[in-house]
Amino acid sequence: MKTVIVARPGDGNFVSRFFYGVKSLLTGMRVTFRYLVHPSTVVTQQYPENRKTLKLAERVRAQLSFTFDENGFHKCTACHICEQQCPNASIHVMDRKPAGSTKSELDTFIWRLDSCTFCNLCVMVCPFQVLKMNSNFESSVYDQKLLVYNLTPYAGPASSVLMKVADVEERKKLIDARGPYDGPTALSGFPLAGISKQVFPETTQIGAPQ
Amino acid sequence: MSVSSVSQDIASHLGSAPEISAAYFVAGLLGTVTFLTVMALILIYAERKVAAHFQCRLGPMRVGWHGLLQSVADALKLILKEDIVPYSADKFLHALAPVFAVVAMLLSLIAIPTSSRLALSDSNIGVLYISAVSGLGVLGILLGGWSSNNKWSLLGAMRAGAQIISYELSATLSVLVVIMLSGSLKLSAIIHSQEAGWWIWRAPGVGLLAFLLFIVSSTAEINRTPFDLAEGESELTAGFHTEYSGMRFAFFFLAEYLNLFVVSALGATLFLGGWMPFHIGNFSGFNAAMDLIPEFIWFMGKTAFLIFLSMWFRWTFPRLRVDQLMKLEWKVLMPIGFINLLLAAMMTLFGFYFFATT
Amino acid sequence: MTTPPNDSTQSSAPQSTPADELKAIFLTCLLDSLIALDSGVKVREDSSLMSVKISESALLKVMTLLKQDSRFDFDQLQFHTVLDWPEEQRMECLYLLNSTKKSQELLISVSVSREKPQLPSVSKLWAIAEWQEREVYDMFGITYENHPDLRRIFLDDDWQGFPLRKDYQDEFMLRKPW
Amino acid sequence: MVTVEIKTKISSLDERINAMALQGESPLGTQEYFVNMGPQHPSTHGVLRLVLKLDGETVREIIPVLGYIHRGMEKKAETLGYRQQVHLTDRLDYLCSVMNNWVVSAVVEKAAKIEINDRIQTIRTIFAELQRVQSHLLWWGVFGMDLGAFTPFLYGFRDREKITKIFEETIGARLTMNYIQPGGLMYDIHPDFVKDVKAMISYMKPMFKEYDELVSGNIIIQERLKNVGILDAQSAVALGASGPVLRASGVAHDLRKIKPYGVYEKVDFSIPIGTVGDCWDRYSVRMLEMRESLKIIEQLIDSIPEGKHLTMKPGAKIRPPAGIYYEQMETARGIFGVFLHSDGSEKPSRVHYRTPNFHNLWCLTKIAPGGRIGDLVSIISSLDVVVPDIDR
């Protein structure tokens, strides 16, 4: 195995160590002085002021979002794969079955930023590339309830189904507007109060204490 | 500053009645306090800016133009902050300690002449007075550390006590060199003795060595890196002022920077000629040109240089360990100081220094 | 009880690399020495590591041999952990030994009862075992004889139950909703 | 061997502290005393708590109290599938998250017999070495700060940022990467990756000289580190140390050489080892390791083979056969191992992390007594502990 033995500072006698010491201190001072007299070496970025010029890498994971096609429709079919892959149970896909249909469609896509660890698995597994991470990192709020997001503006079928309907007015009938998620939310613990009735069966009840 | 000092100056020149002079003195004192507080704020700002640029940063940029008002904002914040006194602290001494620290510094400053006409009190024993009064500052630190009833604080205070008392020795030894060379304890006399050249280079070798000793030991006396063991943040969290907050913490902070100013001003006075312009022997033309720059500017410039040097040390060097600190003082600086003192004595005896005739 | 340890290894000898053969020889040698101490020695088959099952009573003897015998020279205890088998009412304690000189690894497994699990401490042999055994005590409740300082390491001193056991229940445990 | 009949006594922390008798009065009338260092102390790097028995400035005994950031990772891992395991390890040693990811991925790949190609291996190696440099740079800065020099801290972070930028570009995260997945990588490398890495290397090389001028050559640093916290080779092995701590003691033990994984076999690099095992050796071993890592990256960066970055579908089910699997690798702090017990289902039945800091911290209790408080700080810093990795 190739090894290198690290160098050790010389022991030397007192006088030579003393002069070495003075020299080393002066060398150190030269390094810092060079930075003082070269303002171009400053690396500080003044964040809120440089918002316009601030460019983050495109792969930065800061917020989960939906991709929409040119008509403003998404391709989500409420298949729940992202929900199953999420290690923190941060995603809740609430689906609905329209009257007279057997196929379920997306009602509300709830994403809890407060418990998300940005592992990107939901994006990786999405079969229709609906989900993506964007770089909008300014998501701090004063109330934890506001960290529960609804990612879609409407409830309705995927764009593939919608676009089969030729008439624009007919299409509009198929979808219902959805605003930001305002359902009841537990501030701590799991599961979300309120949602649990619809999505979670009794099996999700927390285990009885010992 | 100028107003108060000038008034005192005028009073002494007019030789007016003692009660008027006392009134002037009080006014002068108040003016000095105000000046020094402003000075400390400027120093804090300067330290932050200098440190930032040593470290490739910008430093304070938000309050005022390039953060000029940052220290004012900080001071306001500290004044408004809740003053927390630990439950089991000695309340009286806890409150007294910061006052001690600041007052000692203020007292020592009144003896330093800032120009040939501006001196609040030009005492016969100026140097002795300063070293006596500035030594009181350690009492504030010891009291603060002890009364907080916190082991980290106590450790910091004990470190500071041992350190300041030790380094006082070599600081005094280096000051003695100048006293010996100039033959006076009076600060204005010391400055006048440097008319032909500053002591740092007028006494060959000895002056420079004494100056270096003074720089090192005064840095240790004011607890700045590489000798900041008393508040060594990575070892003792914050040392003696761990349990202080708000206004009282601000007082310690103020004292620290006043201390820096006092020590640098003293160093400038003793070794760099104080307000004395830069003169070279008998080059009268050059000397006259230098005289055009006001004395006050000379004094402040030299002080600023020494302050910058101290900041430069602080932002470059790591901290010593507590036993190495003592070793440095007792095994290195003290012997050098004594040898230097001996050399200076011989030099004085034989008149062997530059421009001895002037 | 004593299974021929390395039938499979030897039968597949033509395909095996020299390193594998060395390993097989090492294992034979090891088992020979261990059988002398403990008749219940078995090779644990379903492991990616070379691993040996021994009985509880022989643990300290086996460990001392492995540490001190210059043929094995296992000078490091990499980790010590437990597998919980609630259906079989036993817990399987695993010790991964490592030799820095021979760069050899060996997993020792010991089964203890779930009711009153107790093992001899190996902290005399490997100092780090002191903390690893504390961790196992903390998480599984196995107590160690002659341990110098046996107390919980991560959890509070007054914590109830042993969290990594399979039947541990607690109101803060994360349950996925599906 | 005779079995001793003494039954184990289970004590609590209070009992343990009370059992440490304070040594009686000295001729000077002084007495030893206890101080709590941490959990909120600047130099314990997080929430490590040390109960110190001090005699004036001298440390007599240390009791580390762990668990302030214990999150039950191993229990949580049992509730997650194999793919989700990876992101948990980001949160152990957060400064080596890519390397931790790699270990988990490797053990899952070993268990489920997932083949991976050369491109993946090369990229993984490059990222691991980048991470090693990044982690050591942060350590270097923090080390300077612990010794009282604040400036190296900012220089370290400034240079670390160059590598973090590369990570951000390719991975999209700066700290908790979750990049290496079972079966490959989350993303293929960014088109600018090769260019940026080369720029980083040419930037970093002259910087080491500056570090030496500012810190390594400094007399105060040398005097504070020399012969402080000596850990000799024999006790380093016995105490279970690994990584730079073990190598500084003179034991040439590096898994990258002993059991090469990734593409370490193909590259030429050497292992820095110390002679005495004091803080100075630990410091210089890490400083040299950074240079060696850059050497490795330089050799690999031009010849990344072609291939896919993920050899299986990202959503494919992973069901390893029942059994015990273990994989360990050399991270920036030592050997990180993942022990996996599978029962054949989609979730592991038991996961155990063999973390380097847990073992390295244990050395502290043996080497720090006898030194000053200042020495203790430099020893903790030279062991380079990351507390979430200890507590898990």
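A, B, ... follow the sequence lines: proteins, then strands. Residue 1 opens every chain. Note that this is a predicted model, so its numbers are computed, not measured.
Your options are D:Lys259, D:His70, D:Glu327, and the one with the most heavy-atom pairs under 4.5 Å with chain C is D:His70. Listed options D:Phe358, D:Tyr325, D:Tyr68 were ranked by heavy-atom pairs under 4.5 angstrom with chain C; first place goes to D:Phe358. In terms of heavy-atom pairs under 4.5 Å with chain C, the best-connected choice from D:Arg392, D:His352, D:His253 is D:His352. Per-residue heavy-atom pair counts under 4.5 Å with chain D were compared for C:Gln78, C:His80, C:Lys67, and the maximum is reached by C:Gln78. Among the candidates D:Gln234, D:Lys366, D:Gln328, D:Lys110, the residue making the largest number of heavy-atom pairs closer than 4.5 Å to chain C is D:Gln328.
Using a 4.5 Å cut-off between heavy atoms, C:Asn98 contacts chain D through its side chain alone, with no backbone atom that close. Using a 4.5 Å cut-off between heavy atoms, D:Ala241 contacts chain C through its backbone alone, with no side-chain atom that close. The contact between D:Ile258 and chain C is made entirely by side chain atoms (from C-beta outward), counting heavy-atom distances below 4.5 Å. For D:Ser349, the parts lying near chain C are the backbone and the side chain together; criterion is any non-hydrogen pair under 4.5 Å. With a threshold of 4.5 angstrom between heavy atoms, C:Leu94 approaches chain D through side-chain atoms but not through N, CA, C or O. For chain C, the nearby part of D:Glu78 is the side chain; its heavy atoms alone come within less than 4.5 Å. With a threshold of 4.5 angstrom between heavy atoms, D:Leu340 does not approach chain C through any atom at all.
Taking the ring centroids of D:His341 and C:Trp85, they lie under the 6.0 Å cut-off. A distance of 6.0 Å or more separates the ring centres of D:Tyr353 and C:Phe79.
Inter-residue side-chain proximity for D:Ile324 and C:Leu83 is flagged as met; some heavy-atom pair is nearer than 4.5 Å. Using a 4.5 Å cut-off on side-chain heavy atoms (C-beta onward), D:Phe339 and C:Leu96 make no contact. Using a 4.5 Å cut-off on side-chain heavy atoms (C-beta onward), C:Trp131 and D:Leu66 make contact. Counting heavy atoms from C-beta outward, D:Glu74 and C:Glu135 have side chains that approach closer than 4.5 Å.
Defined by atom type and a distance below 3.5 Å, a donor-acceptor pair is missing between the side-chain atoms of D:His359 and C:Gln76. Judged purely by distance below 3.5 Å, without hydrogens or angles, the side chains of D:Arg354 and C:Thr81 never pair a donor atom with an acceptor atom.
Annotation for D:Glu115: atom CD does not count as buried by contact number, only 12 or fewer foreign heavy atoms lying within 6.0 Å. Counting non-hydrogen atoms of other residues, nucleotides and ligands closer than 6.0 Å to NZ of C:Lys124 gives a total of 12 or fewer. Within a 6.0 Å radius of NZ in C:Lys166, other residues, nucleotides and ligands contribute more than 12 heavy atoms.
At a threshold of 4.0 Å, the pair D:Arg350-C:Glu92 does not count as salt-bridged, since none of the basic side-chain nitrogens sits closer than that to a carboxylate oxygen.
Note that CD1 of C:Ile128 and SG of D:Cys363 are 7.5 Å apart. Values are rounded to the nearest 0.5 Å. Atom CD1 of residue D:Ile390 and atom CD1 of residue C:Ile153 lie 9.5 Å apart, to the nearest 0.5 angstrom.
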